[in-house]
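Comments concern the structure below.
First listed ligand is number 1; within each ligand, the first listed atom is number 1. Residue numbers count from 1 along this sequence.
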Amino acid sequence: MNYLKVERRGDVAVVGLNRPDKRNAISDAFVEELALAVNEAEQTAKAGVIHGIGPHFCAGLDLAEHVKKTPFEGVHGSRRWHEVFAKIERGKMPWVSALHGAVVGGGLELAASTHVRVADETAFFALPEGQRGIFVGGGGSVRAARLMGVARMTDMMLTGRSVDARTAEQWNLVQYVVKEGCALDKAVELAAAAAGNAEISNYAIINALPRIQDMGSDEGLFFESFIASFTATSPEAEARLNAFLAKKAGKVKRPGESG
Ligand code: 1HE
């Protein structure tokens, strides 16, 4: 791997974006490595974390490479980002992103394809596509717009507005804000918690929820019933439900409660 550093922490695959000299800018070869890393992680791990090595999470599209592309090559490039990011968003297992420094353009689109986003206090978020004369091409018009709302995204893209981690949390772009340097550990902790769930529940959560959001409420409720019954009648659910009834499984904890 030239652009990624992949490690394991227990059941969690930790994928580090590792092109710090170019601020982890994403080139075509970088996307292909990401596809390989996601595939490999799905074979061997139960959850994954994506983080940035160096001073920033990710500066987005590799502008030096992009500037040389024909229009049709640009379309294919964007479609490939869509495929790879969809593999993260609607694949086999949950992904958590650990964000620090610049989370910009395609970097924000990558983060938006993960299921849980953890930012440290240094993280800042921007969509400078308007300033660069381009448009989001990594799924941002769908995923980022749904997270923060289209009015906020329009503002960011038109005005070049950059927002800090706390604002990103208020805007639903991230779910956690932690102290500087703590995002990776928190992300691994959250991914490990998700890795302990029933595999089929995780699959349903990441695959059914976004699709149900795209349905009408009647279709969504109908679809939900089938997912609910399919998961609840699985052998894993039976074992877990019986463990709880036999007082061998943990109770739900209050916020902040340990043990
Ligand atoms: C890059 C890129 C890049 C840095 N493509 N080379 N993304 C952007 O518009 C963001 C552009 N980057 C920046 O605004 C800044 O680099 C950062 C705020 C992210 C970081 O600043 P800093 O001071 O830490 O680093 P730097 O000195 O600006 O950059 C270090 C090197 O990385 C430098 O190269 P060098 O050869 O002069 O050392 C930069 O040119 C290089 N670099 N960012 C290529 N993005 C599928 S569509 C998605 C659309 C988008 O993503 S649009 C957003 C593009």
Side-chain angles (χ1 to χ4, degrees), residues 2-5 15-35 37-38 50-90 95 97-114 117 119-148 150 152-165 167-168 173-174 180-181 183:
N2 293 315
Y3 302 115
L4 300 176
K5 184 176 173 199
V15 177
L17 312 180
N18 191 21
R19 197 191 180 196
D21 53 324
K22 296 293 179 191
R23 305 313 187 237
N24 299 327
I26 302 176
S27 61
D28 289 347
F30 193 122
V31 174
E32 294 312 319
E33 278 195 11
L34 188 58
V38 170
I50 299 178
H51 70 108
I53 294 169
H56 303 283
F57 174 70
C58 177
L61 178 70
D62 183 330
L63 297 170
E65 184 177 79
H66 198 70
V67 86
K68 298 173 194 129
K69 286 196 170 165
T70 66
F72 211 29
E73 284 168 349
V75 173
H76 286 310
S78 167
R79 296 300 289 159
R80 184 63 182 144
W81 281 48
H82 290 167
E83 276 173 7
V84 177
F85 289 10
K87 184 84 177 146
I88 296 169
E89 189 201 28
R90 299 182 185 192
W95 288 89
S97 48
L99 311 172
H100 75 291
V103 185
V104 167
L108 177 50
E109 295 181 293
L110 172 59
S113 70
T114 64
R117 285 159 292 279
D120 85 5
E121 288 163 344
T122 69
F124 59 99
F125 301 78
L127 292 166
E129 281 82 355
Q131 293 148 274
R132 306 281 177 246
I134 59 178
F135 191 67
V136 282
S141 60
V142 175
R143 295 192 189 96
R146 285 183 188 177
L147 288 174
M148 71 178 116
V150 72
R152 287 171 175 149
M153 181 158 168
T154 305
D155 174 21
M156 286 178 83
M157 290 189 73
L158 285 178
T159 67
R161 182 173 180 178
S162 178
V163 299
D164 63 16
T167 305
L173 274 175
V174 302
E180 180 174 355

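Arg143 has no carboxylate O lying under 4.0 Å from a charged side-chain N of Glu109, or vice versa, which leaves the two without a salt bridge. Contact check on Glu129 versus Arg132 returns no salt bridge, with no Lys/Arg side-chain nitrogen under 4.0 Å from an Asp/Glu carboxylate oxygen. Ion pairing between Arg19 and Asp62 holds under the 4.0 Å rule for side-chain N and carboxylate O.
Atom NZ of Lys5 sits in a sparse spot, with 12 or fewer heavy atoms from other residues, nucleotides or ligands closer than 6.0 Å.
Ligand 1 is surrounded by Asp21, Lys22, Arg23, Ala25, His56, Ala59, Gly60, Leu61, Asp62, Leu63, Trp81, Ala102, Val104, Gly105, Gly106, Glu109, Pro128, Glu129, Arg132, Ile134, Gly137, Gly138, each with at least one heavy atom closer than 4.0 Å.
For the side-chain contact (heavy atoms from CB on, under 4.5 Å) test with Leu173, the passing option among Thr167, Leu108, Leu99, Val103 is Leu108; the others fail.
Residues passing the side-chain contact (heavy atoms from CB on, under 4.5 Å) test with Ala29, sequence neighbours excluded: Tyr3, Ser27.
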